[in-house]
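When a residue number appears, it is its place in the shown sequence, counting from 1. Scope of the values below: all heavy atoms of this structure, side chains included, with no hydrogens, waters or symmetry mates.
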Amino acid sequence: EELRKEGASRLEGRREVPRALSEVAMATSLADVLREELRKEGVKLWLPPFSPSVAPGVAAGNEFPALAEKYAKRLAKDLGQVTGALEDLRQHALLKLREKTRVTVLGKVLGGGPLAAGRQELRVELCSGMTGGEALTTLSAHLSDLAGATQQLRAIASGRVLAAGAETLEQQGWLSDLSRQGQPLRVLLVRSGPVKSTSSEGFGDFELFDAATGKLVPVPPAARQALITAIALHARGRELLSERGCGGVGGGGAEGGGEAAAATAALEFLAEADRCFERCEAAGAGALLGQIDNFGQLQLDICWAYALLGDTDHLPDAEKRLQVAERMINRQVTPFFMSVAEGKAKQGSTVDPQVLPSVKLWLLRGIARRCRGDAAGARADLQKADLFIRALQVDVTALEGLLVLGASRVQAVAALRRCGGDVEQAAAALLAAAPRRELARMERTAQRKFGTTLDGSYVDSALVSQLTGMGFDEKAAVKALKRSNNDVGVALDLVQKSADSNAPVDELALCSLISLGFDQGRAERALREAGPGGFEQAHAKLTAEPALVEGARMCDKGHELIAYTRPADKSGSNICDECGREEILPPEEIRRCAVCDFDLCLQCYELRGTGSSKRPADQPAPEDGKTRRKIDKDADAAAAAARETAEAQERAREEAREVVWRELGRCLRRGDIEDEVAGVELHEEDALLQQHLSSL
């Protein structure tokens, strides 16, 4: 009996196997059929509305049940089986996509604060299709003290700050693991306070000038804000390095153990400055970046921060930045200059401070080569840096003598280096510096007097004098030069047309046209075009013109103002002829009269009285053949509103400037930045140099 029961059980098991296999085969067949249907219709189950995100295991979207029901009816299959097969296909697609888009972040947290899991490093999986804001939210969720506070977290990879906007990680250079052969992306996570923003209006009054010539530097309007912001952020980062006991390219500081803290605080500003320089180059100021040394110094300062942090994870980025800095240094100093300076250094003479960026480059490159195991290359660079650091030292007695004259320590060191250590020449140079700076200041005042042209250049005061000498009004001459980008020929045509358009007309003919119901501005224009005795011709022209649109505003000559947006690919900008606002750039819309080359910003356009093709009933007819200027009944109210708007704009600009001064440490006000670079004392550099030299 027991044997019989056991045999029956085995037989039953053998019967269940084919049934299970048949179900698997059926499921496989259904999946193949559904896969083909999806392919035909172009349905992508891993995208919305079928999957709200690319994370595996996420619940299906709202449209998924309807899709399953549609295929169940079409294929005459059980709805549950179809739903299960579609869900398997969806999860399989998400897993495959996840493998292609996975970004494994290995984060080092700077600035203190505990990790949620108590680990020394933060490891998080992101997706390259995530936006920057989504990624920061995910990263901050893993930090116990920053959960939900994405505005207080900065993520820096390869020296670039992750932007919290709509750009994806891939668009910002955070590529998938596959592109790095499975290696994680090493990221610095920096805690910071909430960032205050400022409008572009807040940068309107700031200017850049050449430290060598003292003259203002024209900046393309589209790149102006990005360039000034980049320089300001760089200066703020340098200040932080200096304040906490570290030496930036242009900063020295008291000795102390705050190097890592300073580098952490400064790195956020330096990385953001680098991002602003990139935007500046994209806006058409690439040639200008090649002329200034700020960008090359920034690369050295970022590498200096890496060195102070002892961060070898960013060694590839540091090496790339050192190459950029070397190219810029080679454009600023010639091989002959460096050869002469090296000869002086070997003789024990004081060398010119122009070698300072090169010294920093050799020091940082020597450290990088040592980290790579290139002992010979590291020794050569570090020994060269050591030679020049010794040659940049100045005599303490001579330094104290210059301090008595009222010079700052930085100014005194810079003067001694420029004069080869000669204290008398250095004293003479310091005494001559003040009047030279005052002269440069006066030249800048004259340079900025008339503002800038459409392409960002400053209006040439000599050309203004040339046009006013011909009898033209100064205001009209300046306006014409602004619009012509200092082309005196074009400007002359513009002022002549403006003078012709203001020529007096026959008052009796004008009265007659106004009494017939024509607008005064249009009537004056028609009479000027017709010339003396051209009443009939002017009347015929006005009659043939289309009626003015009700409620339309007009320019000063009676033409209707049309909506206009400057093409993005067209250089220059627009200027409001009412309030004088400059640098109106796309996509901002203005109102324009192409005939008169007359522009209004939208605020001034709204304040301008509307035109009408008929004289209002309450406006009396001209008396005794004399014209009376048409006065808008709301003119006083409009003028008051315009003044109020202008005052509000000025208050907004002042508030923005205050934010800039507070956040950026007043770094844009300093006029002696060249002394700050040339007079840096290399205590921290020397200490780091000896540390690495002794280990070779």
Side-chain angles (χ1 to χ4, degrees), residues 44-48 51-58 90-110 119-143 150 153-190 267-268 270-279 281-282 298-299 302-303 305-306 309 311-325 327 368-369 371-373:
K44 295 178 173 58
L45 292 176
W46 60 91
L47 295 178
S51 294
S53 77
V54 297
V58 70
R90 191 177 72 86
Q91 291 295 336
H92 180 68
L94 288 174
L95 284 171
K96 288 181 62 178
L97 179 63
R98 187 64 175 172
E99 289 297 322
K100 294 180 180 178
T101 61
R102 180 190 295 118
V103 180
T104 303
V105 169
L106 190 61
K108 177 186 290 187
V109 182
L110 304 178
R119 297 188 299 268
Q120 294 300 314
E121 288 187 321
L122 178 65
R123 192 180 185 93
V124 181
E125 285 191 4
L126 304 176
C127 172
S128 61
M130 277 183 167
T131 65
E134 292 171 341
L136 288 173
T137 300
T138 303
L139 291 169
S140 64
H142 288 76
L143 301 174
T150 58
L153 180 67
R154 297 289 178 273
I156 304 173
S158 299
R160 293 188 58 188
V161 177
L162 181 67
E167 285 188 336
T168 65
L169 297 186
E170 185 174 13
Q171 290 171 332
Q172 298 190 54
W174 288 35
L175 305 180
S176 67
D177 294 350
L178 291 177
S179 65
R180 295 188 302 278
Q181 291 76 46
Q183 295 297 314
L185 177 66
R186 296 188 177 273
V187 177
L188 297 176
L189 300 176
V190 183
L267 190 57
E268 177 186 352
L270 299 176
E272 189 61 35
D274 189 60
R275 187 178 182 85
C276 288
F277 272 126
E278 289 182 1
R279 290 203 299 268
E281 187 171 11
L298 173 63
Q299 308 310 307
I302 291 176
C303 295
Y306 287 158
L309 289 170
D311 187 4
T312 57
D313 294 341
H314 287 75
L315 183 58
D317 179 57
E319 290 172 331
K320 291 179 182 177
R321 292 184 182 279
L322 290 175
Q323 291 174 0
V324 173
R327 288 196 296 269
R369 286 177 170 174
C371 293
R372 289 291 187 192

Peer 1: Can you list the steps and then say if L122 with V105 is a side chain to side chain contact (heavy atoms under 4.5 Å, CB included)?
Peer 2: CA-CA 8 Å; L122 178 65; V105 169; over 6 Å; no
Peer 1: With a sphere of 6.0 Å drawn around CD of E319, does it hold more than 12 non-hydrogen atoms of other residues, nucleotides or ligands?
Peer 2: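 It does: E319 CD has more than 12 such atoms within range.
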Peer 1: Show, in sequence, the C-alpha distance, side-chain angles and deciding distance for L106 and L185, and conclude whether the side chain to side chain contact (heavy atoms under 4.5 Å, CB included) test is met.
Peer 2: CA-CA 6 Å; L106 190 61; L185 177 66; over 6 Å; no
Peer 1: Heavy atoms, side chains only, cut-off 4.5 Å: are T104 and R123 in contact?
Peer 2: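 Of all side-chain heavy-atom pairs linking R123 with T104, at least one is under 4.5 Å.
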Peer 1: Please name the residue in the list K320, R321, H314 that meets the side-chain hydrogen bond (donor to acceptor under 3.5 Å, both in side chains) test with D317.
Peer 2: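 Exactly one pass, corresponding to R321.
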Peer 1: How far apart are the closest heavy atoms of A155 and L136, and which atoms are they?
Peer 2: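 Between these two residues, the closest heavy atoms are CB-CD2, 4.0 Å.
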Peer 1: Does any part of the side chain of D177, heavy atoms only, come nearer than 4.5 Å to the side chain of Q183, both counted from C-beta?
Peer 2: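 In short, these two side chains do not touch, never coming nearer than 4.5 Å.
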Peer 1: Going by the rule side-chain hydrogen bond (donor to acceptor under 3.5 Å, both in side chains), which residues pair with E99 if we only count those two or more places apart in sequence or in a different chain?
Peer 2: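 E99 satisfies side-chain hydrogen bond (donor to acceptor under 3.5 Å, both in side chains) with R102 once adjacent residues are dropped.
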Peer 1: If you look at every heavy atom in T131 and L169, which pair is closest and at what distance?
Peer 2: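 That would be O-CD2, 4.3 Å.
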Peer 1: Heavy atoms, side chains only, cut-off 4.5 Å: are Y306 and T312 in contact?
Peer 2: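 A side-chain contact under 4.5 Å is absent here.
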Peer 1: Within a strict 4.5 Å, meaning less than it, do heavy atoms of the Q299 and Q323 side chains meet?
Peer 2: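 Q299 does not reach Q323 side chain to side chain.
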Peer 1: What residues form a salt bridge (charged side-chain N to carboxylate O under 4.0 Å, His left out) with R327, not counting sequence neighbours?
Peer 2: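 With sequence neighbours excluded, R327 shows a salt bridge (charged side-chain N to carboxylate O under 4.0 Å, His left out) to no residue whatsoever.
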Peer 1: If I compare all heavy atoms of A368 with all of L315, which pair ends up nearest, and what's the gap?
Peer 2: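 So the two residues come closest at CB-CD1, 3.8 Å.
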Peer 1: Going from CD on E134 to CG on L139, what distance comes out if it is rounded to the nearest 0.5 angstrom?
Peer 2: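 Rounded to the nearest 0.5 Å, the CD-CG separation comes to 12.0 Å.
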Peer 1: Looking at A318 and C303, what are the two nearest heavy atoms and their distance?
Peer 2: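 Shortest heavy-atom contact: O-SG, 3.5 Å.
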Peer 1: Please round to the nearest 0.5 Å and tell me the distance separating atom SG of C127 and atom NZ of K100.
Peer 2: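 C127 atom SG to K100 atom NZ measures 12.5 Å (nearest 0.5 Å).
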Peer 1: Which atom names give the shortest non-hydrogen contact between M130 and T138, and what distance separates them?
Peer 2: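 Heavy atoms only, the tightest pair is CE-OG1, 3.9 Å.
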Peer 1: Is the shortest heavy-atom distance from the side chain of L298 to the side chain of D274 under 4.5 Å?
Peer 2: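 Heavy-atom side-chain distance check passes, below 4.5 Å.
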Peer 1: Say whether, by atom type as modelled, one donor and one acceptor occur between the side chain of E167 and the main chain of G132 under 3.5 angstrom.
Peer 2: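 No.
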Peer 1: Begin from the C-alpha positions of R275 and Q172 and carry the test side chain to side chain contact (heavy atoms under 4.5 Å, CB included) through to its verdict.
Peer 2: CA-CA 11 Å; R275 187 178 182 85; Q172 298 190 54; 3.7 Å; yes
Peer 1: If every non-hydrogen atom of L126 is compared with every non-hydrogen atom of A135, which pair is closest and at what distance?
Peer 2: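 For L126 versus A135, the nearest heavy atoms are CD1-CB, 4.0 Å.
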